Amino acid sequence: MSDTQLPDLMPVLPEIILALGAMALLMVGAFGGKRVTYAVFGVAMGLLGGTFLILLLAPNFGVTFGGSFILDEFAYLLKLLVLIGSFFAIAMSWAYAKNQAFDQFEYPILILLATLGMMLMLSANDMIALYLGLELQSLALYVVAAINRDSVRSTEAGLKYFVLGALSSGMLLYGMSLVYGFTGQISFEGIAHALNEEGASIGFIIGLTFILAGLAFKISAVPFHMWTPDVYEGAPTPVTAFLAAAPKVAAMGMLVRIVIDAFQPVTSDWQQIVVFVAIASMVLGAFAAIGQRNLKRLMAYSSIGHMGYALVGLAAGTQTGVEGVIFYMITYLAMTLGVFACILSMRRKDGMVEEISDLSGLATTNLPMAIVLALLMFSLAGIPPLVGFFGKWFVFSAAVEAGLYPLAIIGVLASVVGCYYYLRIVKVMFFDEPVEGFEPMPAELKVVLALSGIFVIFFWAMPGPVVSAASAAAGSLF
């Protein structure tokens, strides 16, 4: 008899709970139909909340499944962020589901499966585990983007996302096969060891380029951003809120882990690619958003720009830089959820609206929402003392420390251009002639907006816990 041992399942406990819960809910939904839709929504939120508490209070740090799965401080913090993003994405879709005939039980289950994929991605310690997590997340997201089958825009968004996503997955897989072929390793540790021993061959560099191209698609960085504006605009608004938040955090975390853990010995090679992608994303995000009239499209270009800013920290290739990336993703998540809480509450008697002009005179019809949305816009623009300023400060100072002065200067200039379209929204809300007001804001959106607003406005008063958590997470990679 072979002496096989069961792997230690404790580090994977949160993922196991999510997987079993999602399967059970799928059965409940399939047999219960429309009657159980809201019960499924509620239980899915309970599952995410429970998983969050288990991970927060009793994390079992360690490596399991023969080194394929790792739970360290880095994965721990980013998993908590992903769970928060997914929880609020379901919470924010509650009122929308009732009003827009969007009450499909599959939606929360798909979000649970996508979240499971993201958590596996963040703990992946070799290329096969990374690919499995990525595909689980991606397949769920393709379906979610096209979930509103009655809308041509939604089905078109889902199809675009699927075709381009399949292409990027192919590029990623091809890159991984080249890296395996030229190093003989699939584990991140093994790849780094092989690079230290033998150096990087031209075939390996081509593989590295393909891997970074595939991952750049997942964070919607230029030049692989083409899907973002169309999918953000076409998908139902709660889906867009989800796409803009948790998957971005997970994909950025995965990118950080693979370049720091596996490709550390060839930092100078991947640094050039990351610098190029960061500059292109910041510049395109700043200039392409200026002409947008649709708020969701504007948020798409804004997110492309913000991924560029986060990559500035990664380009430094240092512990300070990674700390900056993690901190930036925390601030990005908080600001994005707040803005989408506002977009989801833009509803009139005849349905949802999403044009910037629909916000005209919001300060007259709904002053609290106008004030918080204005502060969120100031924060996205990076104006002190709001939290968005500190995010940019961390990544730019890391780039300066690493001697990447041109990158930091371009980042600051792109931020200045970006201020224009954020401030335009503030001007529309406070100085334009009022149009018809929106329906009262649902309670769950008020809660999300209030939490987001408090974090963004008062972060400077107590930055310690967030900064030290980001510092510990970055430290675990070095």
Side-chain angles (χ1 to χ4, degrees), residues 14 49 51-61 71-88 119 122 245-246 248-250 252-253 256-257 260 306 309-314 316-339 341 372 375-402 408 411-412 415 447-478:
T51 308
F52 177 85
L53 289 174
I54 288 169
L55 185 60
L56 179 69
L57 302 174
N60 289 278
F61 294 113
L71 181 60
D72 54 8
E73 292 279 356
F74 178 76
Y76 167 73
L77 178 61
L78 290 181
K79 281 184 187 183
L80 292 177
L81 291 182
V82 161
L83 287 165
I84 290 170
S86 301
F87 177 86
F88 283 124
M119 292 173 72
L122 289 168
K248 291 281 198 299
V249 175
M252 186 61 80
V256 170
R257 186 182 291 284
I260 299 295
H306 283 291
Y309 297 126
L311 287 173
V312 170
L314 181 58
T318 58
Q319 186 173 329
T320 319
V322 172
E323 194 180 319
V325 176
I326 297 166
F327 181 77
Y328 200 94
M329 295 317 289
I330 295 172
T331 65
Y332 171 78
L333 183 73
M335 295 184 294
T336 302
L337 288 172
V339 172
V372 179
L375 287 165
L376 287 168
M377 289 297 152
F378 285 136
S379 182
L380 284 165
I383 292 171
L386 301 169
V387 75
F389 166 76
F390 294 101
K392 285 182 178 165
W393 172 265
F394 271 113
V395 290
F396 291 155
S397 55
V400 169
E401 263 179 47
V412 172
S415 282
V447 171
V448 174
L449 187 58
L451 291 172
S452 170
I454 289 166
F455 180 77
V456 164
I457 299 160
F458 297 110
F459 169 79
W460 59 270
M462 225 177 100
V466 178
V467 175
S468 56
S471 183
S476 69
L477 289 181
F478 286 87

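If you're wondering where the values come from, they're calculated on a predicted model, not measured in any experiment. Index from 1, following the sequence.
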Testing the basics here: between [X] and [Y], what is the closest heavy-atom pair and its distance to 0.1 Å?
X	Y	result
Val387	Phe455	CG2-CE2, 3.8 Å
Ser471	Gln319	O-NE2, 4.3 Å
Leu55	Pro14	CD1-CG, 3.8 Å
Leu56	Pro59	O-CD, 3.8 Å
Val372	Gly453	CG1-CA, 4.1 Å
Ala310	Met252	CB-CE, 3.6 Å

Contact check, side chains of [X] and [Y], non-hydrogen atoms, under 4.5 Å:
X	Y	value
Phe74	Val256	yes
Thr318	Glu401	no
Val412	Phe396	yes
Thr51	Met119	yes
Phe390	Val467	no

Rounded at 0.5 Å granularity, tell me how far [atom1] in [X] sits from [atom2] in [Y].
X	Y	atom1	atom2	result
Leu80	Leu53	CG	CG	10.0 Å
Leu333	Leu81	CG	CG	6.0 Å
Leu314	Ile260	CG	CD1	6.0 Å
His306	Met335	NE2	CE	5.0 Å

Item to complete: Would you please indicate yes or no on a ring centroid separation below 6.0 angstrom for Phe52 and Phe87?
Response: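 So the answer is no for these two rings.
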Worksheet item: Would Tyr328 and Phe394 count as a close aromatic pair, with their ring centres under 6.0 Å?
Response: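 Judged by ring-centre distance (under 6.0 Å), Tyr328 and Phe394 do not meet the cut-off.
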Item to complete: Begin with the C-alpha distance, continue with both residues' side-chain angles, and end with the deciding distance and a verdict on side chain to side chain contact (heavy atoms under 4.5 Å, CB included) for Met377 and Ile383.
Response: CA-CA 9 Å; Met377 289 297 152; Ile383 292 171; over 6 Å; no
Measure from the side-chain N and O atoms of [X] to the backbone N and O of [Y], and report whether any donor-acceptor pair falls under 3.5 Å.
X	Y	answer
Ser86	Val82	yes
Ser476	Ala473	yes
Thr336	Tyr332	yes
Ser379	Gly388	yes
Ser415	Gly411	yes
Lys392	Leu380	yes

Item to complete: Before giving the answer on side chain to side chain contact (heavy atoms under 4.5 Å, CB included), spell out for Lys79 and Leu71 the whole-Å C-alpha distance, their side-chain angles and the decisive distance to 0.1 Å.
Response: CA-CA 10 Å; Lys79 281 184 187 183; Leu71 181 60; 3.9 Å; yes
Worksheet item: For the side chain to side chain contact (heavy atoms under 4.5 Å, CB included) test, which of Leu78, Asp72, Leu77 pairs with Leu122?
Response: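 When side chain to side chain contact (heavy atoms under 4.5 Å, CB included) is applied between Leu122 and each of Leu78, Asp72, Leu77, only Leu78 qualifies.
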Practice prompt. Carefully, step by step, assess Phe478 and Val322 under the rule side chain to side chain contact (heavy atoms under 4.5 Å, CB included).
Written response: CA-CA 10 Å; Phe478 286 87; Val322 172; 3.7 Å; yes
Item to complete: Would you sort out whether Phe378 and Phe389 count as a side chain to side chain contact (heavy atoms under 4.5 Å, CB included), showing the intermediate values?
Response: CA-CA 9 Å; Phe378 285 136; Phe389 166 76; over 6 Å; no
Worksheet item: In terms of the angle between their ring planes, are Tyr76 and Phe61 parallel, tilted or perpendicular, with boundaries placed at 30° and 60°?
Response: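 Judged by the thresholds at 30° and 60°, the geometry between Tyr76 and Phe61 is perpendicular.
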